[in-house]
Trainee: 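First, the structure itself, so that you have it in front of you.
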Amino acid sequence: MPTIITGQFQSTSQRQQPAAHLTRTMQLLEKTCNELDTELATEISENPALEMAEECRCPDCKQIIPSYPCQACMNRLNGTGPIVYVAPRANRTYSTDEHEEYYSTDNRLRDPETLSEHVLKQVAPSISSKERKIAEHILARLDEHGFLIDHPAEIATYLRASLKMVKAVIELIKRADPIGVASQDVMECLLTQLDTLEQDGKTHPLAHNLLANFWEQLARRDFDTVARKCNVSVQTVKSAAKFIKRNLSPYPAQSHWNNASNATGRYFRPDVEVIKNPHKEDGPLIVQVFSAARGWLRVNSSVRSMVSKIEDPAKKDEWAAYLERAALFVKCMRQRDNAMKRIVKLIVTRQPKFILGTDKDLIPMTRVELADQLELHESTISRAVANKTIALPNGRIIPLSTFFDRSLAIRAAVLTIIEQESTAMTDEQVAHKLIDYDYKVARRTVAKYRSMLGILPANLRARQLPSAV
DNA sequence: CTATGGCACGGATT
DNA sequence: AATCCGTGCCATAG
């Protein structure tokens, strides 16, 4: 068996590759490390010729090593850009303090669980099976903020349930952990949260009235008018507003996990992790690409030697097929890991400032550029990046696709401009200011970015930016 | 009259 | 081929 660890696949048609290898590798490439885990488990259980050795081997040089990463390979790579290596998920070294928390207490990293599952778990025990079906449907129809898309009546018709029952289930869900989830709008959500707080005895006398009747004025911080109409002092109104801002969150999904861009969830355990060099402060970044579970995946050698001794031809074929399949799987798995490694290495090499710095340090790049440079097909990059997440040294876990976000840096610039403004700037003015930062965008586009950032328009933004609506 | 947001078009990206 | 993104045009609110 020739070794394949250095194998790369070419997009050129100069040599017809066996399709099975290629497609299988691509399938594996699409999977996140969590999905790969289950894939691997079934493959191993179905195929006796495949084994997961306990010994720890370096995926690069294949030497037996005491722990990841392979010291020899690290030394070899030292000095030339980031150190990137493939690591099994279970075996982690480099547990600096800040790094350790990823795997223990930090609840962003518990097992993957979507918002829907999270809520369903809470309400399920106390409802009937019919109600449960309704709950499932409702939870499947939440938008990215955690609001209900459909009208309750629609749901009732669709599921042929009574409107009363649907409403009851919604009420129940609204009281579950991200309080206010499945509300129909911001207002309903806030009121629900306030209600729950009141039941706990924590409340502000003015809060309810303010929310229900003076939301508009509150949003534009027009405290004077409110104070006059309520017949109380401005100070009281301000304290009530402060109470609201501190204790209530307009978007239920956001309080649950801060990354609003993924309503589908599964953004918890990263596929890639970048950490600072624990030995040298300014040393090369250390990057782990997580692969299948633990240990060293290989074809079981005792099975192989046994097969050659089998007499019965039918039996022999059967086992030979197992062997072949195992070899294929191992090969594809290593190709997959190798491709991931190369891609991630290039990304990290190109974006050190973003990884260590902030959003505005992101250098725009496209998948095509990477594909050219790595001599891979652009769809290969797409697969490798899709649905994957990366943990940055500062603890944030973001989608790998963020690196290909054309406008992230500009949005960051918009944010800083507006934060530093003395008087509220119109979109036009912001657009003009952006030229100083070497960004040329239309006024309309600034408006889009602004709303993406959740910043109110200039006329409602007299002084500061409350993060509401 | 000005600033903004909705709609939709076209070009780039995947 | 499908999707995403920036932008222009136009209606509307203040």
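By convention in this document, chain letters (A, B, ...) are assigned in the order of the sequence lines, proteins followed by strands, and residues within each chain are numbered from 1.
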Trainee: Roughly how many Å is it from CG in Asn387(A) to C1' in dT14(B), rounded to a whole number?
Mentor: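 Taking atom C1' of dT14(B) as the reference, CG of Asn387(A) is at 14 Å.
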Trainee: Are OP1 or OP2 of dT14(B) and a side-chain N or O of Arg367(A) less than 4.0 angstrom apart?
Mentor: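 Checking Arg367(A) against dT14(B): at least one side-chain N or O falls below 4.0 Å of OP1 or OP2.
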Trainee: Checking contacts here: which listed nucleotide (dT4(B), dT14(B), dT7(C)) is nearest the side-chain heavy atoms of Glu378(A)?
Mentor: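 Among the listed nucleotides, the one closest to the side chain of Glu378(A) is dT14(B).
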Trainee: How many whole angstroms separate atom CZ of Arg444(A) from atom C1' of dG5(B)?
Mentor: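 Whole-Å distance recorded here is 5 Å.
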Trainee: Looking across every strand, which nucleic acid part, if any, lies under 4.0 Å from Arg383(A) by heavy atom: base, sugar-phosphate, or nothing?
Mentor: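 Here Arg383(A) touches no strand at all.
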Trainee: What integer distance in Å separates Met365(A):CE from dT13(B):P?
Mentor: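 Those two atoms, CE and P, are 14 Å apart.
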Trainee: Can you tell me how far P of dC1(B) sits from CD of Glu428(A), to the nearest Å?
Mentor: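 Result: 16 Å.
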Trainee: Could you check which of dC5(C), dT14(B), dT4(B) has an atom nearest any side-chain atom of Arg406(A)?
Mentor: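 Out of dC5(C), dT14(B), dT4(B), the nucleotide with an atom closest to Arg406(A)'s side chain is dC5(C).
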Trainee: With a 4.5 Å heavy-atom cut-off, do Lys174(A) and Glu188(A) have their side chains touching?
Mentor: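 Side chain of Lys174(A) against side chain of Glu188(A), heavy atoms only: contact under 4.5 Å found.
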Trainee: Any Lys/Arg nitrogen of Arg325(A) or Glu46(A) sitting under 4.0 Å from an Asp/Glu carboxylate oxygen of the other?
Mentor: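 Salt bridge flag = yes for Glu46(A) with Arg325(A).
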Trainee: Could you check how far CG of Leu376(A) sits from P of dT14(B), rounded to whole Å?
Mentor: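 Between P of dT14(B) and CG of Leu376(A): 15 Å.
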Trainee: Would you indicate, yes or no, if dT7(C) has its OP1 or OP2 atom less than 4.0 angstrom from a side-chain nitrogen or oxygen of Thr445(A)?
Mentor: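 So the side chain of Thr445(A) is within the cut-off, an N or O lying under 4.0 Å from OP1 or OP2 of dT7(C).
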Trainee: Inspect the contact between Glu39(A) and Arg336(A) and indicate whether a charged nitrogen and a carboxylate oxygen are less than 4.0 angstrom apart.
Mentor: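 Salt bridge: no.
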Trainee: dT14(B) P sits how many Å from Lys388(A) NZ, rounded?
Mentor: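 It is 15 Å, rounded to the nearest whole Å.
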Trainee: Check this one for me: any side-chain N or O of Tyr449(A) less than 4.0 Å away from OP1 or OP2 of dC5(C)?
Mentor: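 Indeed not, no polar side-chain atom of Tyr449(A) lies that close.
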Trainee: Using the side-chain heavy atoms of Ser407(A), tell me which of these nucleotides is nearest: dG5(B), dT14(B), dG6(C).
Mentor: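 Per side-chain heavy atoms of Ser407(A), the pick is dG6(C).
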Trainee: Name the closest nucleotide to the Ala458(A) side chain, picking from dT7(C), dT4(B), dT14(B).
Mentor: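 For Ala458(A), the side-chain atoms sit closest to dT4(B).
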Trainee: In plain terms, say whether Arg132(A) and Glu136(A) are close enough for a salt bridge, that is, a side-chain N and a carboxylate O under 4.0 Å apart.
Mentor: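 Looking at Arg132(A) and Glu136(A), the cut-off is met.
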Trainee: Could you work out which one of dG5(B), dT14(B), dT7(C) sits closest to the side chain of Phe404(A)?
Mentor: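 From the listed options, dT14(B) comes nearest.
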Trainee: When you get a sec, tell me which of dC7(B), dT14(B), dG5(B) is the closest nucleotide to the side chain of Lys448(A)?
Mentor: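 Side chain of Lys448(A) sits closest to dC7(B).
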Trainee: What's the CE-P distance between Met452(A) and dT7(C), to the nearest Å?
Mentor: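 Spelled out: CE on Met452(A) to P on dT7(C) is 12 Å.
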Trainee: Starting at atom CD1 of Ile455(A), determine the distance to atom C1' of dA3(B), rounded to an integer number of angstrom.
Mentor: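 Taking atom C1' of dA3(B) as the reference, CD1 of Ile455(A) is at 16 Å.
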Trainee: CZ of Arg24(A) to CD of Gln335(A): how many Å apart, nearest 0.5 Å?
Mentor: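 Rounded to the nearest 0.5 Å, the CZ-CD separation comes to 12.5 Å.
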Trainee: Any donor-acceptor pair under 3.5 Å between the side chain of Arg443(A) and the base of dG5(B)?
Mentor: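 Pair found.
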